[in-house]
Engineer: 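Okay, here's the structure, questions in a sec.
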Amino acid sequence: MEAARKLGERLEAGDVLTLEGDLGSGKTTFTKGLGKGLGVKRTINSPTFTIVKEYMGRIPLFHMDAYRLEESEEDIGFDEYFHGDGATVVEWAQYIEEYLPEARLDITITYVNETVRSIELKPNVERFEKICEELFV
Ligand SMILES: Nc1ncnc2c1ncn2[C@@H]1O[C@H](COP(=O)(O)OP(=O)(O)OP(=O)(O)O)[C@@H](O)[C@H]1O
Ligand SMILES: [Mg+2]
């Protein structure tokens with residue numbers, strides 16, 4: 001998760017990342033890498049039963065898991081996170097699509113084999129286009 005760590009080093013307040021990928025593809029593992037890059041000391045684990053967890057690093061990291069929101073229209077105050085003082089990473093973002101800001105980095109993780117994952121980055125804003133070019137070309 002070297003790529004995730006490097007990306008974490010570049011994150012700023014107000015950044016929003018989405019993580020798409022099948023069950024067990026590695027979304028939470030990627031988030032752990034982001035945390036490392038952000039200097040988060042606590043162990044990051046799956047937020048499935050809490051929806052949002054906050055970790056303190058160089059800036060706060062909001063780790064969201066929208067999996068349980070599939071059937072609900074609930075707005076849990078997303079904007080407070082997306083436009084807050086930290087960076088937000090969302091697992092299962094497709095379930096809260098209508099609440100997501102347009103300026104974000106969409107990440108798709110695909111299982112290749114037991115030890116390999118492929119990561120596709122889709123920046124929707126210039127800031128992330130630059131970061132992706134600098135980090136991953
Ligand atoms: N890049 C990787 N290389 C090798 N193994 C990995 C990688 N990423 C994740 N794994 C392994 O895959 C398993 C599932 O990972 P993880 O919990 O991150 O998936 P997830 O996408 O968050 O799952 P869920 O959909 O349940 O939230 C873990 O056992 C983890 O160690
Ligand atoms: Mg997970």
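Order of appearance sets the numbers: ligands from 1, and atoms from 1 within every ligand. Numbers here are sequence positions counted from 1.
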Engineer: At less than 2.8 Å, would any N/O/S atom of D65, backbone or side chain, sit next to the Mg ion (ligand 2)?
Structural biologist: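 No N, O or S atom of D65 is closer than 2.8 Å to the Mg ion (ligand 2), so no.
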Engineer: Using only N, O or S atoms, tell me which atom of E91 is closest to the Mg ion (ligand 2).
Structural biologist: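 Closest to the Mg ion (ligand 2) among those atoms: OE1.
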Engineer: If we only consider heavy atoms of G21, is any one of them less than 4.0 Å away from an atom in ligand 1?
Structural biologist: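 Not so, G21 does not reach ligand 1.
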Engineer: Using distance alone, decide if ligand 1 has a nitrogen or oxygen within less than 3.5 Å of any nitrogen or oxygen in T28.
Structural biologist: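 T28 vs ligand 1: N/O contact under 3.5 Å present.
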Engineer: Which residues pass the side chain to side chain donor-acceptor pair (under 3.5 Å) test with E2, sequence neighbours left out?
Structural biologist: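 With sequence neighbours excluded, E2 shows a side chain to side chain donor-acceptor pair (under 3.5 Å) to R5, given in chain and number order.
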Engineer: Please report the interatomic distance NZ(K32) to NZ(K27), rounded to the nearest 0.5 Å.
Structural biologist: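 The NZ atom of K27 is 13.0 Å from NZ of K32, to the nearest 0.5 Å.
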Engineer: Non-hydrogen atoms of S25 versus ligand 1: any pair closer than 4.0 Å?
Structural biologist: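 So S25 counts as touching ligand 1.
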Engineer: Counting each atom of ligand 1 from 1 as listed, which ones have a heavy atom of E91 under 4.0 Å away?
Structural biologist: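 Selected atoms, number and element: 22 (O), 27 (O).
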Engineer: Determine the interplanar angle of the Y81 and F62 rings, folded into 0 to 90°, and report it as parallel if under 30°, tilted if 30 to 60°, perpendicular if over 60°.
Structural biologist: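 Geometry flag for F62 against Y81: perpendicular rings.
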Engineer: If you measure from each non-hydrogen atom of L19 to ligand 1, which part falls under 4.0 Å: side chain, backbone, both or neither?
Structural biologist: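 None of L19 does.
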Engineer: Between ligand 1 and G26, is the shortest N or O to N or O distance under 3.5 Å?
Structural biologist: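 In this structure, G26 places an N or O atom under 3.5 Å from an N or O of ligand 1.
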Engineer: When you compare the side chain of F30 with that of I119, does any pair of heavy atoms fall below 4.5 Å?
Structural biologist: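 Sidechains of F30 and I119: in contact.
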Engineer: For a salt bridge (charged side-chain N to carboxylate O under 4.0 Å, His left out) check, start with the C-alpha distance between R127 and E12, then their side-chain angles and the critical distance, and finish with the verdict.
Structural biologist: CA-CA 10 Å; R127 170 173 151 67; E12 298 295 346; 5.1 Å; no
Engineer: Considering E20, E2, R117, M1, which one's heavy-atom position lies nearest to atom 5 (N) of ligand 1?
Structural biologist: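 Among E20, E2, R117, M1, the closest heavy atom to atom 5 (N) of ligand 1 belongs to R117.
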Engineer: Heavy-atom contacts under 4.0 Å between F30 and ligand 1: side chain, backbone, both, or neither?
Structural biologist: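 It is neither; nothing of F30 touches ligand 1.
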Engineer: Under 4.0 Å from any heavy atom of L23, which atoms of ligand 1 are there?
Structural biologist: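 The atoms of ligand 1 under 4.0 Å from a heavy atom of L23 are 25 (O), 26 (O).
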Engineer: Restricting to side chain to side chain donor-acceptor pair (under 3.5 Å), what partner residues turn up for T115, sequence neighbours left out?
Structural biologist: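 Partners of T115 under the side chain to side chain donor-acceptor pair (under 3.5 Å) test: N113.
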Engineer: Looking just at side-chain N and O atoms, do T28 and E91 make a donor-acceptor pair shorter than 3.5 Å?
Structural biologist: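 On atom types as modelled, these side chains qualify, holding a pair under 3.5 Å.
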Engineer: Run the contact test for Y67 against ligand 1 with a 4.0 Å cut-off on heavy atoms, strictly below, and give the result.
Structural biologist: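 Checking ligand 1 against Y67, which is what was asked, there is no heavy-atom contact under 4.0 Å.
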Engineer: Which atoms of ligand 1 sit under 4.0 Å from any heavy atom of E114?
Structural biologist: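 Close to E114: 4 (C), 5 (N).
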Engineer: Is there a path of hydrophobic side-chain contacts, each under 4.5 Å between heavy atoms of I/L/V/M/F/W/Y residues, joining Y111 to I107?
Structural biologist: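 In one cluster with I107: Y111, no.
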Engineer: Quick one: CD1 on I131 to CD on E9, what's the gap to the nearest 0.5 Å?
Structural biologist: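 Atom-to-atom, I131:CD1 and E9:CD are 11.5 Å apart.
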Engineer: Within 2.8 Å of the Mg ion (ligand 2), is there any N, O or S atom belonging to T28?
Structural biologist: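 So T28 counts as coordinating the Mg ion (ligand 2), yes.
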